[in-house]
There are 2 protein chains.
Amino acid sequence: MDHRSRIVLAATELLEASPNGDISTRGVGEKAGVQQPVIYRLFGDKDGLLSAVVDHGFGEYLAAKRAAVPTSDPVADLRRGWEEHTRFALEHPNLYRLMYTPGLASAPRSVGEAHELLRSVLERVARAGRLAIEPDRAAEIVISANSGVALALLTRPELHRSVELSTHVREIVLAGILTPEPDGGTPPEPPAVPQAANTLAALLRSAPPESFSPAERELLAEWLTRLAHGPKP
Amino acid sequence: MDHRSRIVLAATELLEASPNGDISTRGVGEKAGVQQPVIYRLFGDKDGLLSAVVDHGFGEYLAAKRAAVPTSDPVADLRRGWEEHTRFALEHPNLYRLMYTPGLASAPRSVGEAHELLRSVLERVARAGRLAIEPDRAAEIVISANSGVALALLTRPELHRSVELSTHVREIVLAGILTPEPDGGTPPEPPAVPQAANTLAALLRSAPPESFSPAERELLAEWLTRLAHGPKP
DNA sequence: GATCCATGTTAGCGACGATAACAGGTCATG
DNA sequence: CATGACCTGTTATCGTCGCTAACATGGATC
C-alpha cells in the first residue's frame with residue numbers, strides 16, 4: 001500500500017480513538033511504520049495531515065451521499081441529508097470537530113463539497129417551487145443550524161445525544177425556508193392543546209397553586225408536560 | 001493586585017491576541033510577572049486556567065446582560081439576547097470557541113449560567129402565553145441554533161461576518177417556537193392561571209387526549225376546573 | 001523559639017512540531 | 001557507461017510545550 005494511504009489510515013484510526021481529539025505525528029509515524037519526517041515531506045505540516053484525514057473520512061461519507069441522492073422528492077432528500085449529517089457528527093466526533101470548528105488553517109476541501117451538495121439539493125427544492133428564499137442563503141441557514149445542533153450534542157452530553165433535538169430543529173428550520181406544503185384542502189390548524197398546556201404549566205411553575213398538595217402538583221406538571229409534547233407519544 | 005487576577009488578565013489578553021486561539025503557560029507567566037509553576041499551584045492545570053479565563057470574560061458579559069434584562073416584553077428580551085450572544089462571539093472569537101466547542105474537559109461554569117439565564121427568559125415568554133413548546137426544549141433549540149450561527153460566522157470568513165444571517169436564523173427559530181403574535185389593537189393581556197386552565201379544559205373536552213385513561217382525564221378535568229375557579233378553594 | 005503550612009523558585013523530565021544534514025535510489029542526459 | 005539532478009527516506013537535533021519534583025522563604029500558630 002502507498003505510504004500516503006498508510007499514514008492517512010493510521011492517523012484516522014488514532015484520531016477516532018483519541019480521547020482529547022488530537023493526535024501526534026510521532027504516533028502516526030509509528031503506527032504507519034514510517035519515520036516522522038516522511039509525514040512532513042508528504043503533507044507539509046500537521047495541518048496538512050489533518051486536512052487529508054478529514055478529506056478521506058468525510059469523502060467516503062460524501063460519496064455514499066452523492067450516490068443515493070436522486071429521489072423524486074427533493075424535500076425528502078433534504079430531510080435525509082440533515083439526519084445523515086447529524087449521525088455522521090455523532091459517529092465521528094473528532095473528525096467532525098476538525099471540520100466545523102474554527103482552528104484549522106486551511107478549511108478542508110470536503111467542507112466546501114458538502115456545502116455544494118447541499119446547495120444543489122436546495123436548487124432542486126427551489127425548482128419544485130417549495131423554497132421560499134434563495135438557495136444560497138438557505139444553504140447557509142441549514143448548515144449553520146445543523147452544525148450547531150450537532151456540535152451542541154457533542155459538547156453537552158447531558159442532552160444524552162438525543163436525535164429528537166436534531167429533528168425538532170430540522171422541522172423548525174424547514175418550516176422557515178420552505179413554502180407551505182401543497183397538500184389538498186384546508187391547511188391543518190396547528191393543535192392548540194400543547195400551547196395551552198404549556199402556558200398553564202409555566203404559570204403554575206411561577207405561582208404554585210396552594211389548593212394542591214405537592215404530590216398533586218407534581219402529577220399535574222407531568223400531565224401538562226405530556227400534553228405539551230403533542231398527541232403522538 | 002492579586003496574583004490570580006494578574007494571571008487571568010494576562011491570559012485573557014494573550015488569548016484575545018492569539019492567532020491560533022491558543023496560549024502557553026510560560027507566556028502567561030512572563031506577561032503576568034509570575035513564575036510558571038505558580039499557575040499550576042493556583043489553577044491546577046492549563047484547563048483550569050482556561051476555565052478561569054472563560055469565567056472571567058463571559059462573566060462580565062453575563063453580568064451586563066443580567067442587569068439589563070427585565071423588560072416588560074420578554075420576546076424582545078429574547079431577541080436582544082440572541083443578538084448580544086452573536087456579537088459576543090464575533091468580538092471574542094477565541095474565548096467563544098473555548099466555550100461552545102468540545103475539547104475543554106470541565107465545561108466552564110459560565111456556560112451553565114448562560115443557559116439558565118436563557119431559560120428564565122423563556123419562562124417569562126411562556127407565562128406571557130407566547131411560547132408554543134416547553135421552555136427547556138426551547139432553550140436547547142435556541143442555544144443550538146444561535147451557537148451554530150456564531151461558530152459558522154467564525155469558521156467561514158467568506159460569510160463576511162454578516163449579522164444578517166444571524167437575525168435571519170433568529171426569526172426562523174422564533175417563528176418555530178413562539179405562538180403567533182396577538183397583533184391587533186388590544187394590548188397582549190397576559191393570561192392568568194384561571195383563564196389558561198379554562199382554555200385548556202375547553203380544548204381537552206373537544207378533543208380528549210388518547211394518551212390519558214378515562215380516570216386520568218376525569219381527574220385532570222376536575223383539577224382544571226379547580227384552577228379555573230381561582231385561588232380560593 | 002520551634003513547627004507547620006502556604007507560597008514561590010530553580011531545575012528538569014518527557015513529549016511535541018518541525019527542520020537541517022545526509023544517504024540511497026532512479027532516471028534522463030552527456 | 002558515467003554523471004549529475006532529483007525524489008525519497010533516515011538520523012539527529014532544535015526550541016517549545018505542559019507539568020512536576022525538590023528546595024527555599026515567610027508568616028502565623030502553639
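Each chain gets a letter, A, B and so on, in the order its sequence line appears, and its residues count up from 1. It should be emphasised that the depicted structure is a prediction, and the values quoted were computed from it without experimental measurement.
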Item to check | Results of salt bridge (charged side-chain N to carboxylate O under 4.0 Å, His left out) for Glu113(B) - residues two or more places apart only | outcome: Arg66(B), Arg109(B)
Item to check | Set of salt bridge (charged side-chain N to carboxylate O under 4.0 Å, His left out) partners for Glu218(A), sequence neighbours left out | outcome: none
Checklist entry - What pairs meet the salt bridge (Lys or Arg N to Asp or Glu O under 4.0 Å) rule with one or both residues in residues 147-160 of chain B, with sequence neighbours excluded? => result Arg156(B)-Glu158(B)
Checklist outcome for this item: On DNA chain C, more 5' by nearest nucleotide between Pro37(B) and Tyr40(A) is Pro37(B)
Item to check | Bounds of contact between DNA chain C and chain B, in 5' to 3' order, using a heavy-atom cut-off under 4.0 Å | outcome: dT7(C) to dG12(C)
Checklist entry - Taking DNA chain D as the partner, which of residues 9-21 of chain A come within under 4.0 angstrom of it by heavy atom? => result none
Item to check | Set of residues satisfying side-chain hydrogen bond (donor to acceptor under 3.5 Å, both in side chains) with respect to Glu83(B), sequence neighbours excluded | outcome: Arg170(B)
Next on the checklist: Considering only residues two or more places apart or on different chains, which pairs with a residue in residues 9-30 of chain B satisfy salt bridge (Lys or Arg N to Asp or Glu O under 4.0 Å)?
Outcome noted: Glu13(B)-Lys31(B), Asp22(B)-Lys46(B)
Checklist entry - Residues two or more places apart in sequence or in another chain: which of them pass side-chain hydrogen bond (donor to acceptor under 3.5 Å, both in side chains) with Glu134(A)? => result none
Under 3.5 Å, which donor-acceptor pairs do the side chains of residues 92-99 of chain A form with other protein atoms, sequence neighbours left out?
{"from": "His92(A)", "atom 1": "ND1", "to": "Phe88(A)", "atom 2": "O", "distance (Å)": "3.4"}
{"from": "Asn94(A)", "atom 1": "ND2", "to": "Leu15(A)", "atom 2": "O", "distance (Å)": "2.7"}
{"from": "Asn94(A)", "atom 1": "ND2", "to": "Ser18(A)", "atom 2": "O", "distance (Å)": "3.0"}
{"from": "Tyr96(A)", "atom 1": "OH", "to": "His85(A)", "atom 2": "NE2", "distance (Å)": "2.7"}
{"from": "Arg97(A)", "atom 1": "NH1", "to": "Pro102(B)", "atom 2": "O", "distance (Å)": "2.8"}
{"from": "Arg97(A)", "atom 1": "NH2", "to": "Asn20(A)", "atom 2": "O", "distance (Å)": "3.4"}

Item to check | With sequence neighbours excluded, residues passing salt bridge (charged side-chain N to carboxylate O under 4.0 Å, His left out) with Asp136(B) | outcome: Arg119(B)
Next on the checklist: Given 3.5 Å as the limit, does a donor-acceptor pair link the side chain of Thr179(A) with the main chain of Gly129(A), or not?
Outcome noted: yes
Quick one: which protein N/O atoms are closer than 3.5 Å to N/O atoms of nucleotides 14-17 of chain D? Pair and distance per line, please.
{"from": "dC17(D)", "atom 1": "OP1", "to": "Ser24(B)", "atom 2": "OG", "distance (Å)": "3.4"}

Checklist entry - Whole-Å distance between dT10(D) C1' and His3(A) NE2? => result 12 Å
Next on the checklist: Applying side chain to side chain donor-acceptor pair (under 3.5 Å) as the test, list every pair that has at least one member in residues 140-149 of chain B; sequence neighbours left out.
Outcome noted: Thr86(B)-Asn146(B)
